[in-house]
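Here's the structure we're looking at; comments come further down.
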Amino acid sequence: MNYEEGTGLGKYGHGIIDPINPTKKYGKGGVGKFESLYDSDSDYDTGPPVEPKLEQGTGKAEPKAVVNAEEVRAMDTLQREREAYAATRARERRHEKVRAYNMRWQRPPKHDAAADDDWEGITSGYTAIKRALKVVREQSESGKLTLGGLIHEFAGVKTKFPEEYRTNKALKDTLGADASAAYPRLIHDLVMAPPLDAWWWSAEEPEPMLRFVNRWKGLLPQATMDSILDEVILPTLVAAADVFRLTTWSSKPSVCVGMWIPYLGHARLRIVYIIISRRLRDHLCGGISDYDYKLALPWKKVFDPASWDEHIERHVLPHLRKALHDLEISVRMTWLQNKNFFPLVMRWASIVPVKYMVPLLIQGFFKKWMYSNYRYLMGERPRLDEAMAWYEVWKGLFTPELLAEKCVVM
């Protein structure tokens, strides 16, 4: 069972490491069962209460193993599903027996033990696995298949035909695939495909699908999980991006897309980024307005650097370049008058990479600003405090990243 000495129990090594200390027990309780001194439901003497064993030299009680309540509930659910499935299958087999006797005009026995045997008449592992696959497929297509039922079917095959089950020989012959691909294909074709076809989910409300992926990502074969990501999730995101409208999303589109980065990665999502970039271009309201900025801002954290650079180059820089070209600087001007869009340009500097902003400012701003500064100082002859205030107003519009560039400082 892959246990290694010195590691914890459980699939992820998260269980206890030290052996359970044997203690004298009374009654029928299992290991770890707590029994009070006065148990009204028990006729047995529970014995004296056991004091917690102290670690030598510490004076502290030995810590108890941490019980994962969610795992316990999950195992209980699986057990109940298995029991319910087994009982249902037993009833179905008894009914089949009764029908067979009735068709032969015979009286069925009061209780035929053979009717409860799920493997009656099956003598080969190949036949057993083929029968199990047929039952699982029928249950899956009818929507009645549970994980407990699936486990019950193949646990029976494993018990009845351990050698065939271990070698996967019969499974290989049945599925027409090599042994390494048998299990992933089984899970995808019989367990995953029908539910996925029936699911309804939307890119605007990704939480149901996210919960499913989080629950199964460590249990399903990687090939199956990749198939879900590529065939179910990604096409839905692409379709939603293609009809991108702010009013149709219940939450921010950037948040809904960003949730899938840990699962899909930037490489898979690149097609979504390209479509969103075009939609941002289509929604532009003047190029560098407050509306445009607020629309683009959240996507900077979602796009990968290469995709963001591409978006900036194609759809943002031309508008910033035009705004600087039309910029008119006057000593008596107020912001947003006389074609002064410089505060808006510098607001974009918070999301436009420095490598684009610096050349843009050198080409379209600094010469124009220095000339206006010269006319102001030589013509107006301002006092020192007035000149400093004029200078600080302009400098205050520059981002810390730009002020860290030597050519900007110069």
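Throughout, residue positions are numbered sequentially from 1 according to the sequence presented. Scope of the values below: all heavy atoms of this structure, side chains included, with no hydrogens, waters or symmetry mates. The structure presented is a predicted model; accordingly, all values stated were derived computationally and were not measured.
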How far apart are the closest heavy atoms of [X] and [Y], and which atoms are they?
X      : Y      : answer
Leu402 : Met346 : CD1-CE, 3.4 Å
Tyr376 : Ala387 : OH-N, 4.1 Å
Pro318 : His315 : CD-C, 4.2 Å
Pro206 : Cys256 : CD-SG, 4.2 Å
Leu295 : Pro298 : O-CD, 3.7 Å

When you compare the side chain of [Y] with that of [X], does any pair of heavy atoms fall below 4.5 Å?
X      : Y      : value
Val352 : Leu360 : no
Asp292 : Ile288 : no
Leu344 : Ser289 : no
Arg281 : His311 : no
Tyr85  : Arg89  : yes
Phe303 : Leu269 : no
Leu234 : Leu229 : no

Mind checking the [atom1]-[atom2] spacing from [X] to [Y]? Nearest 0.5 Å is all I need.
X      : Y      : atom1 : atom2 : result
Trp260 : Thr236 : CH2   : OG1   : 9.0 Å
Met225 : Ile233 : CE    : CD1   : 8.0 Å
Glu401 : Met357 : CD    : CE    : 11.0 Å
Ile271 : Leu237 : CD1   : CG    : 12.0 Å
Arg279 : Asp242 : CZ    : CG    : 5.0 Å

Using modelled atom types and a 3.5 Å cut-off, is there a donor and acceptor pairing between side-chain atoms of [X] and backbone atoms of [Y]?
X      : Y      : result
Glu205 : Ser202 : no
Asn214 : Leu210 : yes
Trp308 : Ile351 : yes
Lys368 : His325 : yes

Q. Can you name the residues that form a side-chain hydrogen bond (donor to acceptor under 3.5 Å, both in side chains) with His266, not counting sequence neighbours?
A. Tyr273
**Q.** Selection residues 346-359 - residue pairs positive for side-chain hydrogen bond (donor to acceptor under 3.5 Å, both in side chains), sequence neighbours left out
**A.** Asp290-Arg347, Tyr293-Ser350, Asp309-Lys355, Glu313-Tyr356
Q. Lys301 and Ser254: side chain to side chain contact (heavy atoms under 4.5 Å, CB included), yes or no, with the steps?
A. CA-CA 8 Å; Lys301 296 181 179 180; Ser254 58; over 6 Å; no
Q | CZ/Arg278: more than 12 non-hydrogen atoms of other groups inside 6.0 Å | A | no
Q: Mark yes when over 12 heavy atoms from residues, nucleotides or ligands other than Phe366 sit less than 6.0 Å from its CZ; otherwise mark no.
A: yes
Q.
What verdict does the side chain to side chain contact (heavy atoms under 4.5 Å, CB included) test give for Asn373 and Trp390, after you've listed the backbone C-alpha separation in whole Å, the side-chain angles of each residue and the deciding distance to 0.1 Å?
A. CA-CA 9 Å; Asn373 200 25; Trp390 160 267; 2.9 Å; yes
Q: Take Val345 and Leu327 through the side chain to side chain contact (heavy atoms under 4.5 Å, CB included) test and state the conclusion after the steps.
A: CA-CA 10 Å; Val345 172; Leu327 175 64; over 6 Å; no
